[in-house]
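Heavy atoms only: backbone and side chains are in, while hydrogens, waters and symmetry mates are out.
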Amino acid sequence: MNEADSFAEIFRGGLPHCLLIVLSMLLICSPVMPSEFEVISMSKFDLNGQHFGSRVPSISLEARSLYSWNTSRHCVLTRLTDLSIHDFDKLRQNAGGIILMLPSNMLDLDVEARELITILEQSMLTYTAVAPIFFAPYNKDLEKIIDDITYTTTDNVAQNQTALSQLIVTVSANRYHVNVGGGSIVANKNSKVPIIHGELIPNQLALKPSETVGDGQKLPVILITANLKTFGIYNDYPANADAAVLLVLMELFSKMHYTTSMAPKYRLRFLLSDAGVLLNFQGSKKWLEIDDNALQNVEFVLCLDTITESLSLGADNALYMHVSKPPKEKTSISNFFKLLKAAAEKYTNGLTVEGVHKKINLADTKLAWEHERFSIKRYPSFTLSSVKSPRSPIRTTIFKNDERLFVEHTLNTSRVIAEALASYMYKVDPISSVFDGQLAIKEENLLPYFGVKSILHNNDVKDAFEKYLNNVKIIYDKPDGRDPEFMFYNENDVKLNVYRVKPAIFDLFLTMVIGVYLLAVFLAIQYFPRFYDEVSKLTKEEPAGQQNGHSSERLRMKSH
């Protein structure tokens, strides 16, 4: 019983109250259960010895806004629409990490905001980033966190002018710790770029009686090329209009190529690869190295590059023919250009066709257009594109436009190219409307091809090639073991965890409060006897005075 009384006596003192306060404060400043979000890592690859994308696999840092970060110990959490080129240049070199929340709907943004995003994409795919970069799909909870971080660092500064109020805001503000876990980033030694090609050769029935199949092999060649867009700033599959137009042309001309009444004067060859502008057109380079003899009798090479803008930024309704040198009069390219202009006037409402001349810069490690691969080999070639400048950020964007406008524009462009090509091959008037009736290009012809993915991941492309073409082959461009021209990296799926914590100054403030409290308790215990004596003296003097007062009163009464 004595031991129990002694133990209970402890809880009657001041120390347990101190512990209760300390524990409650520790609970307040302890991290809250994390919120988990989906994130996508920025694409990582090498090209000609240059690294794109950070090689840091994870982040575990304090989250800061775009306006309050200052060291590599901070991870910047912000919206993609709030980031500028100048901000990104500082962040990619000095920040500990970057997490960008994507907009909920690109179509809700104005033209200026969309243009800014495409420029940012181009910058991210141009410069090497030291800081790891992740993209988060739009999420309301993540947006609240971004607002909270931004509000406590900007709005409160303007609203509270005094030093005391600023101190209160700093101590009471919430902080967030972000964690993006990921395994090590390893180079994929089995990286490869697939290239598929095939040709249309007239069958024996379509040839004249005096001709043989061997004569068909001697016909001049027209090569049509395109590249699948398989990734951008992150791994995603944007709408592949170039591949869709190529596959539609393949389907249409395969029906005409075997018609006995329309014996073709040319052999059509089609080339499609997974390596576009981001990989410096490695597919066509590899194909030329392997099958260079196939173009000995080439009439011209037609390259499709951003034939339709996936994210329209203006009202420019034009189709540009890019060439390495101005074509001479009555050459194959000059004649096709005239047919293209005539077809655009006939079959579209306002689509203009313009020629753009740009010399090849052999000192540059990256080519501007795919036709330059063939021009270097002295093959007549050109690129058809809806963009005028090779530096246009539209070429590499992964964001999509209004699907209705996208399909409509692609339909018009494919009709113009098909009519001009038919007029050139079959020597018919460009306004004769070859592709009408059963051969008319409709939405159902294009839509299945917009979603075509990498040749490696499905057989849609291979099946289409084998259905309409002859001599279909798939080759692979693999990086050299000692000096690779390109390299991909394996990545794991990652999650973003956000913890709410108190700032470091709150720990200092809490330590001071606890210290003051403990000092007060210590002083109270240490000087309690003296304090008790002083209080006792005061309480004893008052009754004595009162007693003396009563005695004096009685003496006065007796004297009377």
Side-chain angles (χ1 to χ4, degrees), residues 47-48 122 125 193-198 221-232 238 240-247 249-250 268-292 294-295 298-310 319-325 327 332-333 336-337 340 355-362 364-397 413-414 417 421 452 454-455 461 475 477 485-486:
L47 180 65
N48 297 326
Q122 186 74 13
L125 292 169
V193 173
I195 306 109
I196 186 169
H197 64 96
V221 175
I222 294 177
L223 175 65
I224 303 175
T225 73
N227 293 277
L228 283 168
K229 295 181 179 180
T230 56
F231 69 94
N240 277 297
D242 301 335
V245 173
L246 181 139
L247 293 170
L249 293 176
M250 179 195 307
L268 270 179
R269 304 200 70 174
F270 295 87
L271 178 68
L272 183 66
S273 73
D274 276 11
V277 61
L278 291 180
L279 292 181
N280 203 20
F281 309 106
Q282 287 291 134
S284 55
K285 178 183 179 182
K286 181 68 174 181
W287 185 77
L288 283 171
E289 293 173 355
I290 295 177
D291 205 3
D292 192 14
L295 296 179
V298 66
E299 191 80 359
F300 58 77
V301 179
L302 190 163
C303 303
L304 302 174
D305 189 324
T306 320
I307 203 68
T308 304
E309 294 184 8
S310 59
L319 183 63
Y320 299 97
M321 176 186 279
H322 297 272
V323 293
S324 299
K325 63 179 182 179
S332 58
I333 296 180
F336 183 79
F337 179 71
L340 201 66
V356 181
H357 165 228
K358 178 189 176 299
K359 291 183 179 180
I360 302 175
N361 184 7
L362 296 177
D364 197 348
T365 57
K366 294 192 69 175
L367 299 178
W369 302 101
E370 186 178 15
H371 75 265
E372 295 182 355
R373 286 279 181 210
F374 300 93
S375 296
I376 292 173
K377 298 283 187 177
R378 299 187 181 279
Y379 296 127
S381 56
F382 58 90
T383 296
L384 293 181
S385 177
S386 62
V387 297
K388 189 173 184 178
S389 171
R391 299 182 180 275
S392 173
I394 292 295
R395 298 178 69 193
T396 55
T397 185
T413 308
S414 58
I417 297 173
L421 195 58
V452 168
S454 171
I455 302 170
V461 174
I475 59 177
D477 186 14
E485 289 185 282
F486 67 92

Worked verdict on T413 versus V245 for side chain to side chain contact (heavy atoms under 4.5 Å, CB included): CA-CA 9 Å; T413 308; V245 173; 5.8 Å; no
Look at the side chain of H357 and the backbone N and O of H322, then say whether any donor-acceptor pair between them is shorter than 3.5 Å. no
Could you check whether D274 and T230, counting side-chain N and O atoms only, form a donor-acceptor pair closer than 3.5 Å? no
Would you give the length of the straight line joining atom CG of N240 to atom CG of L304, rounded to the nearest 0.5 angstrom? 12.0 Å
Would a distance-only check, ignoring hydrogens and angles, find a side-chain to backbone donor-acceptor pair under 3.5 Å from K229 to A243? no
Reported CG-to-NZ distance for the pair L367 and K285, which is rounded to 0.5 angstrom: 9.0 Å
Flag side-chain contact, heavy atom, 4.5 Å: I195 against L271: yes
Kindly compute the distance separating OG (S273) from CD1 (I475), expressed to the nearest 0.5 Å. 9.0 Å
First locate atom NZ of K358, then atom OG of S324, and finally report the distance between them rounded to the nearest 0.5 Å. 8.0 Å
Is the closest side-chain heavy-atom distance between M321 and I333 below 4.5 Å? yes
Is it the case that the side chain of N280 and the backbone of T365 share a donor-acceptor pair, with hydrogens and angles ignored and the cut-off at 3.5 Å? yes
List the steps and the verdict of side chain to side chain contact (heavy atoms under 4.5 Å, CB included) for H371 and V301. CA-CA 7 Å; H371 75 265; V301 179; over 6 Å; no
Under the criterion side-chain contact (heavy atoms from CB on, under 4.5 Å), which of I224, I222, L223 is the partner of F300? I222
Nearest-0.5 Å distance that lies between atom SG in C303 and atom CG in L246: 10.5 Å
Does the side chain of S381 come under 3.5 Å of the side chain of S375 through a donor N or O and an acceptor N or O? yes
Quick one: does F374's side chain get under 4.5 Å of L295's, heavy atoms only? yes
Should the pair R373 and W287 be classed as cation-pi, given the thresholds of under 6.0 Å to the six-membered ring centre and 45° from the axis? no
Using only heavy-atom distances, determine whether the side chains of E370 and T383 contain a donor-acceptor pair under 3.5 Å. no
Between T225 and F281, is any pair of side-chain heavy atoms under 4.5 Å apart? no
Do any N or O atoms from the side chain of D477 and from the backbone of V193 form a donor-acceptor pair under 3.5 angstrom? no
Should Q122 and T396 count as side-chain neighbours, where that means a heavy-atom distance under 4.5 Å? yes
Should W369 and S385 count as side-chain neighbours, where that means a heavy-atom distance under 4.5 Å? yes
Do L319 and I307 pass the side chain to side chain contact (heavy atoms under 4.5 Å, CB included) test, and can you show the C-alpha distance, the side-chain angles, and the key distance before you say yes or no? CA-CA 8 Å; L319 183 63; I307 203 68; 3.8 Å; yes
Carefully, step by step, assess N227 and L279 under the rule side chain to side chain contact (heavy atoms under 4.5 Å, CB included). CA-CA 10 Å; N227 293 277; L279 292 181; over 6 Å; no
Non-hydrogen side-chain atoms of L268 and L249 separated by less than 4.5 Å: no
Taking all non-hydrogen atoms of both residues into account, name the closest pair between L228 and S454 and its distance. CD1-CA, 4.3 Å
Do side-chain atoms of S386 reach the backbone of T306 as a donor and acceptor pair under 3.5 angstrom? yes
Nearest heavy-atom neighbours spanning A241 and T308: CB-CB, 4.1 Å
Over all heavy atoms of both residues, which pair between V387 and S392 is shortest? Give the atoms and the distance, please. CG1-OG, 3.7 Å
Centroid separation F337 to F382 less than 6.0 Å: no
